[in-house]
Amino acid sequence: MNGGPDDDKLRANIHALSAKLMSFLKIIPFYKFLQRIKIFGLPKKENILSASLDLNLIGYNVIDTGVPQQKRIERNKKALEDIRVFINIETTYTRPGDRP
């Protein structure tokens, strides 16, 4: 989550994951229908977009852009929590009862 000044490869990988997440909207047949009938627990399109934006934010925060490291870490923590809520996947290694 912290990265460093030369972590362009990590940033690129995180941004690629964001793009891949968005592509699922296009490659899953009948996505909108399946999401509405809630068979597979697919998140809403808006939530996928929000999670993708949060992934991009994390990608930018892993490289040193002059923002203090502690602030970048806090932003990444919030983005991970938002992703968990938006698309209902676990993004931490803590037990659910340990969360605030």
Please name the pair of heavy atoms, one in [X] and one in [Y], separated by the smallest distance, quoted to 0.1 Å.
| X | Y | result |
| --- | --- | --- |
| Leu21 | Ala51 | CD2-CB, 3.9 Å |
| Leu34 | Pro29 | CD1-O, 3.4 Å |
| Phe24 | Tyr31 | O-CD1, 4.1 Å |
| Gly59 | Arg11 | O-CG, 3.2 Å |
| His15 | Asn56 | NE2-O, 3.3 Å |

- Query: Asn76 versus Val62: any side-chain heavy-atom pair under 4.5 Å?
  - Reply: yes
- Going by heavy atoms in the side chains, are Ser23 and Lys20 under 4.5 Å from each other? yes
- Message: Please enumerate all residues that pass side-chain contact (heavy atoms from CB on, under 4.5 Å) together with Ile89, with sequence neighbours excluded.
- Response: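 If we apply the side-chain contact (heavy atoms from CB on, under 4.5 Å) test to Ile89, skipping adjacent residues, the hits are Ile83, Ile87, Thr91.
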- Residues which pass side-chain contact (heavy atoms from CB on, under 4.5 Å) with Glu46, listed by chain and number, not counting sequence neighbours: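 If we apply the side-chain contact (heavy atoms from CB on, under 4.5 Å) test to Glu46, skipping adjacent residues, the hits are Lys44.
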Measuring from atom [atom1] of [X] to atom [atom2] of [Y], what distance do you get when rounded to the nearest 0.5 angstrom?
| X | Y | atom1 | atom2 | result |
| --- | --- | --- | --- | --- |
| Asp54 | Phe86 | CG | CZ | 6.0 Å |
| Leu57 | Ser18 | CG | OG | 10.5 Å |
| Gln35 | Leu25 | CD | CG | 10.0 Å |
| Lys78 | Ile58 | NZ | CD1 | 11.0 Å |

- Message: Donor-acceptor pair, distance only, cut-off 3.5 Å: does the side chain of Arg84 make one with the backbone of Ala79?
- Response: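 No; zero donor-acceptor contacts below 3.5 Å.
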- Query: Hey, is CG on Asn13 packed in by over 12 heavy atoms from elsewhere, all under 6.0 Å?
  - Reply: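 Enclosed: over 12 neighbouring heavy atoms sit under 6.0 Å from CG of Asn13.
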- Message: Go through it in stages, so that I can follow the logic: the residues are Glu74 and Lys71, the test is salt bridge (Lys or Arg N to Asp or Glu O under 4.0 Å), and I'd like the CA-CA distance, side-chain angles, deciding distance and then a yes or no.
- Response: CA-CA 5 Å; Glu74 291 302 317; Lys71 189 170 187 172; over 6 Å; no
- Item | With Arg75 via salt bridge (Lys or Arg N to Asp or Glu O under 4.0 Å) - residues at least two apart |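 Salt bridge (Lys or Arg N to Asp or Glu O under 4.0 Å) list for Arg75, sorted by chain: empty.
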